[in-house]
Amino acid sequence: MVTVEVFDPAMCCSTGVCGPTVDPALARFASDLDWLGEQGAQVRRYNLGQEPGAFADNEAVRTLLHDKGEDVLPVVLVDGQVQATGSFPSRDELVGIAGLAGVPVSEPAVSTELIAELAAIGAAVGSNCEPCFKYHYNAARKLGLTNEQLAVAVRTAQMVKDTPAGKMLDLAAKLLHVDRSELGGAASDDADGDACCGPDAAEASELPMAGAGAASESGGCC
């Protein structure tokens with residue numbers, strides 16, 4: 001059994017979906033490593049920010065860091081031998097360095113699937129659809145997303161959902177000449193109306209949506 005070790009630079013997580021934007025390269029590489037494991041390879045991954053001891057204990061990686069600095073990361077080792085440095089190999093390259101040349105390579109659009117599931121999670125929250133949320137939660141977890149990462153998507157969706165609702169109640173309170181608290185609901189605390197969507201939200205809302213009339217024939221609730 002071949003052993004593939006990846007020594008990553010210091011980062012929040014290795015999936016590429018952490019933070020405000022999705023990193024397609026990281027998401028693709030995470031999927032490729034999962035696929036490599038399915039082919040029988042033993043895959044291990046280390047993060048410099050979280051597991052510095054693994055870097056210090058590996059002589060080859062320690063030497064590379066000493067000679068070239070952190071720009072050498074990521075470092076990919078196969079059976080203890082350095083095979084790639086400075087960038088994440090493609091699936092084809094992983095197949096080559098792992099000695100799996102006879103294995104058919106399939107390239108699912110995993111980064112697109114990740115984005116689609118995150119968008120679906122947000123839509124489920126926005127529409128209060130419990131079956132949709134359960135379905136897409138399960139799908140997202142199968143793609144490798146953690147509960148912490150999905151919680152970010154839920155919080156963001158809820159904030160986007162609450163902000164216009166709060167603004168609506170602010171307007172109603174103003175026109176009805178009543179105190180905002182009398183109408184209930186969460187208080188709107190972004191004075192400029194941009195807290196959840198950013199300063200370009202109004203401009204973006206005027207852009208036409210591609211494929212607005214198209215329907216997707218996919219399984220599940222929606």
Side-chain angles (χ1 to χ4, degrees), residues 6-35 37 43-52 70 73-74 87-88 108-170 185-205 207 209-211 216 218-222:
V6 181
F7 292 81
D8 287 314
M11 53 187 175
C12 177
C13 68
S14 60
T15 63
V17 298
C18 216
T21 58
V22 174
D23 185 332
L26 272 177
R28 184 267 306 166
F29 186 66
S31 170
D32 291 345
L33 289 180
D34 288 343
W35 176 85
V43 179
R44 299 169 183 164
R45 200 166 185 183
Y46 309 99
N47 186 321
L48 179 60
Q50 300 169 3
E51 303 160 286
E70 293 185 20
L73 300 176
S87 62
F88 295 105
V110 173
S111 60
T112 300
E113 293 175 17
L114 288 170
I115 294 170
E117 291 307 329
L118 287 170
I121 288 288
V125 172
S127 61
N128 296 322
C129 180
E130 292 185 16
C132 293
F133 185 87
K134 291 176 182 178
Y135 175 84
H136 290 291
Y137 166 81
N138 290 329
R141 293 291 282 125
K142 289 178 181 178
L143 288 174
L145 292 168
T146 66
N147 282 345
E148 290 78 9
Q149 292 158 354
L150 292 175
V152 173
V154 171
R155 285 195 297 270
T156 302
Q158 189 63 43
M159 186 162 45
V160 172
K161 178 182 175 182
D162 286 345
T163 298
K167 288 298 180 183
M168 184 69 250
L169 289 178
D170 288 343
S188 176
D189 54 7
D190 59 306
D192 297 325
D194 298 332
C196 77
C197 302
D200 298 326
E203 179 181 347
S205 67
L207 297 175
M209 295 183 65
S216 173
S218 60
C221 68
C222 46

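Basis for what follows: all heavy atoms, side chains included, without hydrogens, waters or symmetry-related copies.
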Query raised in the report: Could you give the distance from OH (Tyr137) to CD (Glu130), rounded to the nearest 0.5 Å?
Result: 15.0 Å
Report task. Please assess Phe29 against Arg45 for the test side-chain contact (heavy atoms from CB on, under 4.5 Å), listing each intermediate value before the final yes or no. Result -> CA-CA 12 Å; Phe29 186 66; Arg45 200 166 185 183; 3.3 Å; yes
Query raised in the report: Between the main-chain N or O of Met159 and the side-chain N or O of Arg155, is there a donor-acceptor pair closer than 3.5 Å?
Result: no
Query - More than 12 heavy atoms from other groups under 6.0 Å of CD on Glu70 - result: no
Query raised in the report: Which heavy atom in Ala153 sits nearest to a heavy atom in Ile121, and how many Å separate them?
Result: CB-CG2, 4.2 Å
**Report entry** Value rounded to 0.5 Å, distance of CD in Glu117 from CG in Leu150
**Finding:** 9.5 Å
**Report entry** Test item: side-chain donor near acceptor, Asp162 and Gln158, under 3.5 Å
**Finding:** yes
Query - Asn138 CG to His136 NE2 distance, which is reported to the nearest 0.5 Å - result: 10.5 Å
Query raised in the report: If we only count heavy atoms from C-beta on, is the Pro9 to Pro74 side-chain gap below 4.5 Å?
Result: yes
Query raised in the report: Step by step, would you call Leu145 with Leu118 a side-chain contact (heavy atoms from CB on, under 4.5 Å)?
Result: CA-CA 9 Å; Leu145 292 168; Leu118 287 170; 4.0 Å; yes
Report task. Please lay out, stage by stage, how Tyr46 and Val6 fare under the test side-chain contact (heavy atoms from CB on, under 4.5 Å). Result -> CA-CA 6 Å; Tyr46 309 99; Val6 181; over 6 Å; no
Query raised in the report: Just by modelled atom types, is the Met11 backbone N or O under 3.5 Å from a matching donor or acceptor in the Asn47 side chain?
Result: yes
Report task. Hey, could you give me the CZ/CG distance between Phe88 and Asp8, rounded to the nearest 0.5 Å? Result -> 4.5 Å
